[in-house]
Amino acid sequence: MAGSLFRRAYGAVRAGLKPVAAMCLLAGPAAAEVTVAALGDSLTQGYGLPQEDGFVPQLQAWLDARGAEATVVNAGVSGDTTAGGLSRVDWTLTPDVDAMIVALGGNDLLRGIDPANSRANLDGILSAADARGVAVLLVGMEAPGNYGADYKAAFDGMYGDLGRKWDVPVAGSFLGALAGIADRQGAMRDYMQQDGIHPNADGVALIVEALGPAVLDLVERAGG
């Protein structure tokens, strides 16, 4: 086989092709670009920010800077719950989608939805991805304490449970990079929009830095 490839390249040179072009015949096929759908809510969609400052464009730039052959598609819808994500996962997973980031649950928290319902919805989303052979990164959320200890334990724990069930990696809370800043007032001032719910452009940059390695691993798994 190697001899045959060499003869093809040598013959191409004799036919008048430049040596570099001819030697490309020896190389294997280029790695196919991986399409990643980011299924989420306003945090994914980029609420309140110029388009270029949102999560998906900043994540795309982060991946591009590291040479990842990937295109991230914004499938975030402001106000979406896990139920909303489940309702549109089938048409999100078009044939060209190779991988999916699932970042839902924040609006379930805001509405006080029963974690059992949220779990069932996320389970359905992961089931749909599994049926299509789509690699997944599940991104968690963390419930506040005001709903009570039982609610918090059920909500926070569902991400890890579902990750184990479907054998998909689970990233920490989407807002974990900001929640971990010791100076809470400073973090709110420097990294959040005035609504106190959505990150500003600098906050998104911190989130991307935290989640980027897991997304890069997702791309590698999907392209492997």
Side-chain angles (χ1 to χ4, degrees), residues 36-48 54-56 59 72-94 97 99-180 192-193 195-199 203-204 207-208 210-211 214-215 217-218:
V36 182
L39 182 70
D41 49 33
S42 57
L43 295 174
T44 303
Q45 183 267 335
Y47 175 87
F55 173 72
V56 169
L59 177 60
V72 186
V73 178
N74 195 337
V77 173
S78 290
D80 227 357
T81 60
T82 56
L86 177 60
S87 72
R88 59 192 177 87
V89 68
D90 285 333
W91 55 263
T92 298
L93 292 175
T94 58
V97 171
M100 182 167 63
I101 301 167
V102 179
L104 288 162
N107 288 308
D108 295 53
L109 285 175
L110 291 176
R111 300 180 188 188
I113 293 173
D114 186 340
N117 293 337
S118 302
R119 177 191 289 261
N121 294 329
L122 290 172
D123 186 67
I125 291 170
L126 296 178
S127 176
D130 183 73
R132 291 164 175 77
V134 171
V136 172
L137 171 65
L138 180 60
V139 183
M141 291 293 293
E142 186 175 346
N146 58 298
Y147 288 115
D150 290 343
Y151 185 103
K152 180 173 175 57
F155 187 92
D156 294 357
M158 69 181 176
Y159 294 99
D161 290 346
L162 290 170
R164 287 185 287 273
K165 175 180 178 179
W166 292 104
D167 192 26
V168 301
V170 180
S173 173
F174 189 95
L175 297 172
L178 307 184
M192 298 295 288
Q193 296 181 43
D195 63 8
I197 298 174
H198 298 93
V204 171
I207 291 168
V208 167
L211 293 179
V215 177
D217 179 68
L218 173 70

- Query: Looking at L39, L211, L59, which one forms a side chain to side chain contact (heavy atoms under 4.5 Å, CB included) with I101?
  - Reply: L59

- Task: Taking all heavy atoms of V73 and all of V56, pick out the closest pair and write down the distance.
- Result: C-CG1, 4.5 Å

- Answer yes when D108 and R119 have at least one side-chain N-carboxylate O distance shorter than 4.0 Å, and no when they do not. no

- Query: Quick check, are the ring centers of F55 and F174 under 6.0 angstrom apart?
  - Reply: yes

- The reported gap from CE in M141 to CG in L175 (rounded to nearest 0.5 angstrom) is 5.0 Å

- Message: Looking at every non-hydrogen atom in both residues, tell me the closest pair between D156 and A143 and how far apart they are.
- Response: OD1-N, 2.8 Å

- Note on the structure: Here the pair of heavy atoms bringing D80 nearest to G85 is OD2-N, 3.8 Å

- Can you find a heavy atom in the side chain of K165 that is under 4.5 Å from one in the side chain of L126? no

- Message: Tell me if a side-chain donor or acceptor on Y147 pairs with a main-chain N or O of L109 at a distance below 3.5 Å.
- Response: yes

- Message: Please find the pair of heavy atoms, one from A214 and one from L137, that lie closest to each other, and give the distance.
- Response: CB-CD2, 3.9 Å

- Message: If you apply the rule side chain to side chain contact (heavy atoms under 4.5 Å, CB included), what do you find for V77 with Q45, and how did you get there?
- Response: CA-CA 6 Å; V77 173; Q45 183 267 335; over 6 Å; no

- Atom CG of D195: over 12 foreign heavy atoms under 6.0 Å: yes

- Item | Partner of T82 under side chain to side chain contact (heavy atoms under 4.5 Å, CB included), chosen from S118, P115, S87 | S118

- Where is the tightest heavy-atom contact between T44 and A103, given as atom of each residue plus distance? OG1-CB, 3.9 Å

- Task: Check the surroundings of atom CG in N146: do more than 12 heavy atoms from other residues, nucleotides or ligands lie under 6.0 Å from it?
- Result: yes

- Query: Where the side chain of E142 meets the backbone of A179, is there a donor-acceptor pair that is under 3.5 Å apart?
  - Reply: no

- Message: Any heavy-atom pair between the side chains of R132 and V97 that's under 4.5 Å?
- Response: no

- Message: Within the structure provided, determine whether I125 and L104 are in side-chain contact (heavy-atom separation under 4.5 Å).
- Response: yes

- Query: Roughly how far, to the nearest 0.5 Å, is OG of S127 from CG of L122?
  - Reply: 12.5 Å

- Query: Of all heavy-atom pairs between D41 and G106, which one has the smallest distance, and what is that distance?
  - Reply: OD2-N, 3.9 Å

- Message: I need the single residue from V170, V136, V89 that forms a side chain to side chain contact (heavy atoms under 4.5 Å, CB included) with V102. Which is it?
- Response: V136

- Query: Quick one: CG on L86 to OG1 on T92, what's the gap to the nearest 0.5 Å?
  - Reply: 10.5 Å

- Query: So, the side chain of K152 versus the backbone of G145: is there a donor-acceptor pair under 3.5 Å, distance only?
  - Reply: no

- Query: At what distance, to the nearest 0.5 angstrom, does CG of N121 lie from CD1 of I113?
  - Reply: 8.0 Å

- Task: Could you label the plane-to-plane angle of the F155 and Y151 rings as parallel, tilted or perpendicular, counting under 30° as parallel and over 60° as perpendicular?
- Result: parallel

